[in-house]
*Asks:* 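Just dropping this structure here.
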Amino acid sequence: QVQLVESGGGLVQAGGSPRLSCAASGRTFSNGAMGWFRQAPGKEREFVATINWTGRSTYYADSVKGRFTISRDNAKNTVYLQMNSLKPEDTAVYYCAGRSSSGDSSFLYEYAYWGQGTQVTVSS
């Protein structure tokens, strides 16, 4: 079992650059790929970014490509999401997710472990 706890959300002005963190505990963290997803009010949860177990492979949703960066520190059992040039449409609850497989994935159903989410609100 893996427990995931997100932090770093809050109210941010448009153009801001907050960093989300996701601390993992439980079974081995470094062997599994990790991802970030988000859910805006009234919308379905959507893929944001994913990183494989080594950290050498990443993939992003088109809506955040070039603005967000996912990274991980396996020694600290932590994955990060650096968000730059935030827009009001980035407002959502951001969820950290983990999977047992080592390869990155943009598919929500392939992730078995989820954090409780952290709210990011971008004001214009």
Side-chain angles (χ1 to χ4, degrees):
Q1 193 72 8
V2 174
Q3 293 80 42
L4 304 174
V5 179
E6 302 97 334
S7 61
L11 179 62
V12 184
Q13 285 191 335
S17 300
R19 186 178 75 164
L20 304 183
S21 298
C22 173
S25 61
R27 67 185 293 271
T28 302
F29 165 82
S30 61
N31 291 342
M34 300 292 293
W36 286 96
F37 293 78
R38 67 185 181 185
Q39 188 167 17
K43 296 188 177 181
E44 294 185 350
R45 193 171 300 188
E46 65 176 6
F47 166 74
V48 175
T50 180
I51 188 167
N52 77 334
W53 74 278
T54 66
R56 296 193 185 104
S57 176
T58 59
Y59 181 68
Y60 299 90
D62 288 343
S63 59
V64 306
K65 196 174 298 181
R67 298 189 298 123
F68 291 11
T69 302
I70 188 172
S71 62
R72 66 190 295 165
D73 185 338
N74 288 343
K76 296 182 178 180
N77 289 347
T78 302
V79 63
Y80 305 97
L81 185 67
Q82 177 67 48
M83 304 187 292
N84 297 326
S85 304
L86 279 179
K87 306 174 183 179
E89 51 263 44
D90 293 317
T91 294
V93 176
Y94 283 74
Y95 296 91
C96 173
R99 60 194 302 251
S100 300
S101 298
S102 60
D104 50 27
S105 171
S106 62
F107 297 107
L108 186 150
Y109 64 85
E110 292 191 342
Y111 289 84
Y113 309 107
W114 292 86
Q116 83 288 350
T118 184
Q119 176 72 46
V120 175
T121 302
V122 184
S123 63
S124 58

*Asks:* Any donor-acceptor pair under 3.5 Å linking the side chain of Thr50 with the backbone of Ser105?
*Replies:* yes
*Asks:* Test your reading of the model: is there a side-chain donor-acceptor pair from Thr118 to the backbone of Tyr94, 3.5 Å cut-off?
*Replies:* no
*Asks:* Provide the full list of salt bridge (Lys or Arg N to Asp or Glu O under 4.0 Å) pairs with a residue in residues 102-124, sequence neighbours left out, each pair given once.
*Replies:* Arg99-Glu110
*Asks:* If you group Ile, Leu, Val, Met, Phe, Trp and Tyr whenever their side-chain heavy atoms sit less than 4.5 Å apart, what else falls in with Leu108?
*Replies:* Phe37, Phe47, Tyr59, Val93, Tyr95, Tyr111, Trp114
*Asks:* For Ala49 versus Leu81, what's the shortest heavy-atom pair and its separation?
*Replies:* CB-CD1, 4.2 Å
*Asks:* Answer yes if Ile70 and Tyr80 sit in the same cluster of Ile, Leu, Val, Met, Phe, Trp and Tyr residues linked by side chain heavy atoms under 4.5 Å apart, and no otherwise.
*Replies:* no
*Asks:* Heavy atoms only: give me the nearest Ser21-Trp36 pair and the separation to one decimal.
*Replies:* O-CH2, 3.8 Å
*Asks:* Please round to the nearest 0.5 Å and tell me the distance separating atom OG of Ser124 and atom CD of Glu89.
*Replies:* 10.0 Å
*Asks:* Just distance, no hydrogens or angles: give the donor-acceptor pairs under 3.5 Å from side chains in residues 2-10, sequence neighbours left out.
*Replies:*
from, atom 1, to, atom 2, distance (Å)
Gln3, OE1, Ser25, OG, 3.4
Glu6, OE1, Gln116, N, 3.1
Glu6, OE1, Gln116, NE2, 3.4
Glu6, OE1, Gly117, N, 2.9
Glu6, OE2, Cys96, N, 2.8
Glu6, OE2, Gly117, N, 3.2

*Asks:* May I have all residue pairs that pass salt bridge (Lys or Arg N to Asp or Glu O under 4.0 Å) and include part of residues 43-56, sequence neighbours excluded?
*Replies:* Arg38-Glu46
*Asks:* Going from CG on Leu11 to CD on Gln119, what distance comes out if it is rounded to the nearest 0.5 angstrom?
*Replies:* 9.5 Å
*Asks:* Taking Asn52 for its side chain and Gly55 for its backbone only, find out whether a donor-acceptor pair lies under 3.5 Å.
*Replies:* yes
*Asks:* Check side chain to side chain contact (heavy atoms under 4.5 Å, CB included) between Ser17 and all other residues, then give those that pass, not counting sequence neighbours.
*Replies:* Gln82, Asn84
*Asks:* Less than 4.5 Å apart, side chain to side chain, heavy atoms only: is that true for Arg67 and Asp90?
*Replies:* yes
*Asks:* Would you mind listing the cluster partners of Phe107? Hydrophobic ones only (ILVMFWY), side-chain contacts under 4.5 Å, chaining allowed.
*Replies:* Tyr109
*Asks:* Tell me whether Asp62 is salt-bridged to Lys65, with the criterion being a basic N under 4.0 Å from an acidic carboxylate O.
*Replies:* yes
*Asks:* Asn31 side chain to Trp53 main-chain N or O, any donor-acceptor pair under 3.5 Å?
*Replies:* no
